[in-house]
Amino acid sequence: MVMQRGKLIPVWGNAEAGETVTIRFNKKSYQTTADADGRWRVDLPKMKAGGPYTLEVKGVNGEVREISDVLIGDVWLLSGQSNIDVTIERVYPQYTQEIDTYENNEIRLFRVQNETSTHGVKEDIRATNINWKPVNKQNAWLFSAAGYFLGKRMFQQNKVPQGIIVNSWGGTPIEAWISEDSLKTDYPMLIKKLQMYQNDNYVRAQMQANGAANQQWEKMLDETDPGYADMAVDDSDWQQIDQNNWGWRGTGSVWLRQHITIDKQHAGKPARLLLGTLFDRDVTYLNGKQIGQTGYQYPPRRYDIPEGMLREGDNVIAIRFINKFGAVHFIPEKPYMLCFGDDRLSQNPMPKDVQPLSGLWKMKVGAEMPQCPSSDVSLQNLPTTLYNAVLYPLAPYAINGIVWYQGESNTGNPEPYADYLRKLMGCWRARWNDQQMPFVIVQLANYDGRQQTGFPRPLIPQIAPVNSGWAQLREAQRVVAKADAKAELAVINDLGERVDIHPLRKKEVAERIGLCFDKLLYNNKVKLSPEVVSAEANGNQIILTLDQPVQAGKIETFEVAGTDGKFSNASSTADGNKITILSPLPSNLSPLKVRYAWKDNPETANVRSLSGWPMSSFELSINN
């Protein structure tokens with residue numbers, strides 16, 4: 001494992017009440033006595049980076065616990081929802097050569113197992129078959145990509161061992177990560193919501209009922225779906241659809257088939273089928289044989305075709321979509337193709353030898369089904385349950401800083417998010433008894449969620465002013481970070497994908513997180529995203545003064561509002577550390593507010609520092 005340099009290192013555990021415990025580490029011994037509840041703790045002295053060492057814990061009865069290969073360096077805790085969860089396997093096509101060739105025994109990875117508690121805090125995390133693992137491709141494959149790249153970046157920067165603890169759960173709201181004491185006064189209804197699920201018999205019954213209903217639904221679906229995977233199926237009279245303008249809002253299964261012609265040169269060769277991203281669940285076949293399946297909408301469909309499976313001439317790709325809600329559809333702007341050659345696993349750059357798929361498919365409904373009954377018992381989404389089970393027991397393990405990468409699940413109600421975030425940072429710092437604990441808040445990336453579960457729509461950019469929930473949540477993140485001397489904001493509104501809530505450029509995200517920690521911990525002169533220092537009206541112009549020069553030229557996505565509160569698009573230019581905005585308002589209306597990049601997907605926002613950092617979206621009052 002890796003333990004934190006430059007700080008007291010708590011070592012704690014359980015023994016018999018009153019038992020003397022001896023700890024040996026780095027040629028020194030320390031003794032303590034377990035209290036009446038059997039708990040004991042020793043704080044090892046501050047140490048410089050180094051190792052490997054052996055940590056030995058011994059009781060008076062002679063029982064010895066030994067941990068070998070202990071390094072002293074920097075330890076980082078990464079927490080949040082699914083963009084922390086996104087694995088190296090998911091982003092691998094972006095960084096194939098780098099991941100294939102990199103190994104480092106001085107970067108260690110630790111994944112906290114998911115667990116919930118509706119009945120208060122737990123003293124320990126689940127520890128079944130988990131341990132610290134050194135970085136190599138195999139160990140990193142199912143580990144957080146953001147965590148992997150952060151560890152690599154900080155090692156290269158500081159040349160000391162790195163410990164990366166990932167503690168995240170996809171789809172979870174911020175409330176699940178906050179202590180009950182922090183919520184109960186201001187948000188009593190959240191605690192009542194929690195209390196509804198403190199009856200274990202109720203929860204167990206609901207989960208069993210949901211499991212039985214789902215099992216019966218799947219059984220009925222399989223019994224009534226004729227199945228159209230076989231190559232011999234006659235699909236000549238099936239309905240033809242264009243994947244760019246198609247959606248099926250049924251419940252059950254629907255089949256799509258496409259015939260592809262393979263030439264002699266590629267027949268029998270191994271290949272990879274890229275099917276973009278699909279909503280929602282699919283099982284995919286080639287010439288009647290299953291080559292892959294994915295259980296939900298987000299993962300890219302990358303299905304490997306073994307040698308000898310593609311035949312010369314006609315081949316058939318068949319997709320069985322299984323749908324329980326929303327509308328079946330293809331996600332646009334994703335790769336749909338067959339890839340050949342030794343570089344077929346790469347998507348950055350794309351393989352040299354590819355055969356695009358047609359956007360035209362033959363379609364036939366397999367089996368229509370009623371809605372599958374369910375009663376949501378997702379305990380991980382309830383207030384406090386993750387703080388109780390997987391955050392509280394991590395402390396007081398010494399760490400150097402925290403990355404909070406979350407917010408997508410709170411965009412539907414962004415108004416309380418700033419208060420939630422302050423409470424989260426407060427109760428986590430209190431848990432570690434360190435009010436100076438550094439936080440890096442990763443701001444929401446750009447993303448257009450308008451097609452998430454509905455029929456695909458033309459991806460028309462948001463041009464007119466809109467009161468974006470994503471922008472409101474980004475503003476909450478910005479305001480909280482700006483007001484906290486030990487927090488920094490990693491702005492990534494240029495690293496997202498408008499059709500994918502899980503953008504793949506996690507190395508670039510980690511680089512920005514690392515720069516934030518550089519500023520917080522090592523060099524406060526580091527320049528991050530440009531920030532507005534003042535906003536003043538001068539006739540029909542609004543002058544923004546920034547804390548640093550930015551790239552000069554025409555600037556997009558500024559909006560101005562007057563006393564009526566209605567925002568209008570405004571033209572603007574940047575020069576040095578000044579941005580000049582021409583007020584679009586009538587002469588009888590004074591500009592009162594200005595905002596920037598106030599969109600779910602502000603893809604044309606282009607204020608950048610001279611080193612390329614994007615400016616955060618914001619809404620500010622204007623001094624008149």
Side-chain angles (χ1 to χ4, degrees), residues 77-86 111-126 144 146-147 165-200 202-203 206-207 210 296 298 374-395 402-432 437 439-444 469-470 473 476-477 480 501-502:
L77 172 60
L78 285 74
S79 198
Q81 57 180 110
S82 54
N83 269 301
I84 286 283
D85 280 343
V86 167
R111 181 63 166 93
V112 178
Q113 290 192 341
N114 288 346
E115 184 83 85
T116 63
S117 173
T118 58
H119 295 286
V121 298
K122 293 192 173 186
E123 292 298 323
D124 205 353
I125 59 172
R126 252 171 64 202
S144 161
I165 300 173
V166 167
N167 185 22
S168 55
W169 195 324
T172 54
I174 190 172
E175 304 95 293
W177 297 93
I178 304 174
S179 70
E180 182 172 349
D181 285 345
S182 300
L183 291 173
K184 63 184 180 182
T185 300
D186 295 330
Y187 301 98
M189 290 303 294
L190 290 182
I191 304 306
K192 288 184 178 180
K193 181 179 180 181
L194 170 69
Q195 291 168 345
M196 284 289 296
Y197 291 86
Q198 289 179 335
N199 183 319
D200 293 339
Y202 167 73
V203 170
Q206 290 297 323
M207 294 178 71
N210 285 346
Y296 64 113
Y298 294 119
S374 69
S375 177
D376 185 24
V377 285
S378 300
L379 300 182
Q380 74 274 14
N381 296 329
L382 294 175
T384 82
T385 56
L386 299 183
Y387 175 89
N388 292 342
V390 292
L391 190 282
Y392 182 91
L394 289 185
I402 295 170
V403 178
W404 179 247
Y405 192 173
Q406 188 275 342
E408 297 88 345
S409 289
N410 289 89
T411 54
N413 180 27
E415 191 277 330
Y417 194 85
D419 191 41
Y420 287 159
L421 184 52
R422 283 188 287 266
K423 291 182 186 303
L424 178 138
M425 295 165 70
C427 70
W428 287 27
R429 284 170 171 159
R431 180 68 189 121
W432 266 271
M437 178 69 76
F439 268 83
V440 171
I441 300 162
V442 183
Q443 199 179 44
L444 290 183
W470 283 66
L473 197 134
Q477 294 171 318
V480 171
I501 203 169
H502 302 117

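In this structure, OH on Y405 lies 4.0 Å from CG on N83, to the nearest 0.5 angstrom.
Side-chain contact check for L444 versus T411: some heavy-atom pair is nearer than 4.5 Å. The closest side-chain heavy-atom distance from N410 to E175 is below 4.5 Å. Contact annotation: the side chain of I402 approaches that of F439 to within less than 4.5 Å [non-hydrogen atoms, C-beta and beyond]. Under the 4.5 Å side-chain criterion, counting only non-hydrogen atoms from C-beta, V480 is not in contact with Y417. Between W177 and Y420, every side-chain heavy-atom pair lies at or beyond the 4.5 Å cut-off. Two residues are said to be in side-chain contact when any heavy atoms from C-beta on lie closer than 4.5 Å; M425 and W404 fail this criterion. Contact of the L394 side chain with the W432 side chain is registered, since non-hydrogen atoms from C-beta on lie closer than 4.5 Å. Counting heavy atoms from C-beta on, the side chains of Y392 and K122 never come closer than 4.5 Å.
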Side chains of residues 183-194: which donor-acceptor pairs under 3.5 Å do they make with residues two or more places apart or in other chains?
unit_1: K184; atom_1: NZ; unit_2: D181; atom_2: OD1; d: 3.2
unit_1: D186; atom_1: OD2; unit_2: K423; atom_2: NZ; d: 2.8
unit_1: Y187; atom_1: OH; unit_2: D419; atom_2: OD2; d: 2.6

Give the table of side-chain donor-acceptor pairs shorter than 3.5 Å for residues 112-119, with sequence neighbours excluded, one pair per line with atom names and distance.
unit_1: Q113; atom_1: OE1; unit_2: R126; atom_2: NE; d: 3.2
unit_1: Q113; atom_1: OE1; unit_2: R126; atom_2: NH2; d: 3.2
unit_1: Q113; atom_1: NE2; unit_2: T128; atom_2: O; d: 2.8
unit_1: S117; atom_1: OG; unit_2: H119; atom_2: N; d: 3.4
unit_1: S117; atom_1: OG; unit_2: G120; atom_2: O; d: 2.6
unit_1: H119; atom_1: NE2; unit_2: Q198; atom_2: O; d: 3.3
unit_1: H119; atom_1: NE2; unit_2: D200; atom_2: OD1; d: 2.9

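Of the possible donor and acceptor atoms, one in the side chain of R111 sits under 3.5 Å from a partner among the backbone N and O of S168. The closest donor-acceptor contact from the side chain of Q81 to the backbone of G407 lies under 3.5 Å.
S374 is linked by a side chain to side chain contact (heavy atoms under 4.5 Å, CB included) to N210, counting only residues two or more places apart in sequence or in another chain.
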Side chain to side chain contact (heavy atoms under 4.5 Å, CB included), that's the test. Do W169 and I84 meet it? Break it down for me. CA-CA 8 Å; W169 195 324; I84 286 283; over 6 Å; no
Carefully, step by step, assess Q380 and T172 under the rule side chain to side chain donor-acceptor pair (under 3.5 Å). CA-CA 6 Å; Q380 74 274 14; T172 54; over 6 Å; no
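Considering all non-hydrogen atoms of both residues, I178 and S182 come closest at CG2-CB, 3.6 Å. Contact record, L473 with P414: N-CB, 3.9 Å, taken as the closest heavy-atom pair.
Taking the six-membered ring for Trp and thresholds of 30 and 60 degrees, Y202 and Y197 have ring planes inclined between 30 and 60 degrees apart.
Side chains of E180 and T384: a donor-acceptor N/O pair is absent below 3.5 angstrom, by distance only.
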